[in-house]
Amino acid sequence: MSPYFEKLQEKLEYIYQLNSVESFLHWDEMVNLPEGAAEERTKQNKVIAELAHLQLTDGEIADYLEKLQELPADRLSLPQQTLIREVKRDLDRASKLPADFIAELKAKESECYHAWAKARKDIDFKSYAPKLKEMVDLKIREAEIVGHREAPYDYMIDLHDPGMTAARIKELFDELRGGLLPLIDKIMGSGITVDLSELKGFDLKKQKAFCEEVAGQLGFDFNRGRLDVSVHPFCGGNSGDVRMTTRFFEDNPLDSLFSTIHETGHALYEQGLPKATYGTPLSQAVGMGVHESQSRLWENQVGRSREFWKFWEPRYRELFGKELSGVDSERLYRMICSVTRNPIRVDSDEVMYNLHIILRFELERELIGGTLAVKDLPEAWNAKSEEILGLKPKNDKEGVLQDIHWSMGAFGYFPSYSIGNMIAAQLWDTAREKNPDLDNSITNGEFAPLLKWLREEIHQYGKQYRTEELVQKVTGKGISPQPLLGYLKARYLPLYQA
Ligand code: ZN
């Protein structure tokens, strides 16, 4: 083997650790940071980001790549080819973007984020619109600089899900929407509603204990990670020390539990990436869509199954007997699977959720494509809401101002959530086909067989395959909305039969 592989890996691990520092600073910011220290933290982030960029572009990696690219391709293993391809991809992008452009982008992100936070609080889109317009322009300029003048939105999507395009996503989403609408009509038409207001006064300490117990049983290694509290749950840190967060409400215990299971899904992916190649693309997630498929699979396919609750309900009642005394098993399960029309994406259930994503995809595609102006966003949002979700937001806080993503320039990110949902259902079907005893093992609280299968089929490969390539390899088919639609029908129609 060429010694340059080793040198490359060493240097990549160095950069990875630098980036990890930024990730832990972010975790600390979300979990611990005193309010008055935010400015200090911004400066620290800037230092680390600059150092990491310098390391990546100082010529050393470019030299190694040059040497490695001289090797005959047919003598390289698939992981070696992956390494070269992915490092080249990162380096290309990083070296095309001038340092002052990156600095401008970072500054704009922070400015635009604060403008968004204030506008959201004051419900005042107009005050935020000029900043958002600058952000859109800047991201389009980024696409141009990197060489994607023709299709800037495709470039943004590819950053999150390698190999995906807006045209492919549109095709998938149109089919998904076509299948969801009649299902939602049936659910809404049943007249059945589920009242969650009875879930009250759940002790926070006991909730945390239960969440930790569940995460541990699913396979989360607390020896290489933690569960803490933040306003918005997330999974950060690095693969060797995964930091996930959740949040707790006395009167909404299902939120903290399912947020925890969701983040545990992300965490299990990170903890399952191969240790020997940490810091290289061989130990990095394929992309956001596949990452999200892992969290959704554990949260929804597993966590909302009757099998899962057959195992966990007795323990849940042991901890919360008094609080659950008026709620029988069937009612509890219906609460877990309740479906409502909700203007807010993050409060939305798994049936309605994808419509929220389709709405955002259609809008950002027009926004980046230049056929929708930022100032017209609220109106377009409300019109699409009525058309797609069947409701009109009360105000912009419930509408166009609800998400943080665009303020941070994260265009092309939203589709990953629904790509993840589709992949999760597809993986679930294959996992059960290949492991006929899977439902039984879940009923017995044994989650290791599923985790083992995911480790072997997904986690061990890092970035070796592109999003759709991986799905094809594991399931024998390209990405399709049909498994998701089939799963949703099987789970929800029996619960919502008029
Ligand atoms: Zn997630």
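Below, all heavy atoms of this structure are taken into account, side chains as well, without hydrogens, waters or symmetry copies. Whatever order the structure lists them in is the order used to number ligands and atoms, beginning at 1.
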### Message
For K118, give me all partners under salt bridge (charged side-chain N to carboxylate O under 4.0 Å, His left out), at least two apart in sequence or on another chain.
### Response
D122
### Message
So, of the N/O/S atoms that H262 has, which is the nearest one to the Zn ion (ligand 1)?
### Response
NE2
### Query
Does the pair R360/E364 count as a salt bridge with the N-to-O cut at 4.0 Å?
no
### Task
Could you confirm whether C235 has any N/O/S atom lying under 2.8 Å from the Zn ion (ligand 1)?
no
### Message
Counting the benzene-type ring for Trp, do F210 and W312 have ring centres under 6.0 Å apart?
### Response
yes
### With the Zn ion (ligand 1) as the apex, the OE1/NE2 angle for E292 and H266 - to 10°
90°
Side-chain donor-acceptor pairs under 3.5 Å in residues 422-429, sequence neighbours left out?
| from | atom 1 | to | atom 2 | distance (Å) |
| --- | --- | --- | --- | --- |
| Q426 | OE1 | S480 | N | 3.2 |
| Q426 | NE2 | G478 | O | 2.7 |

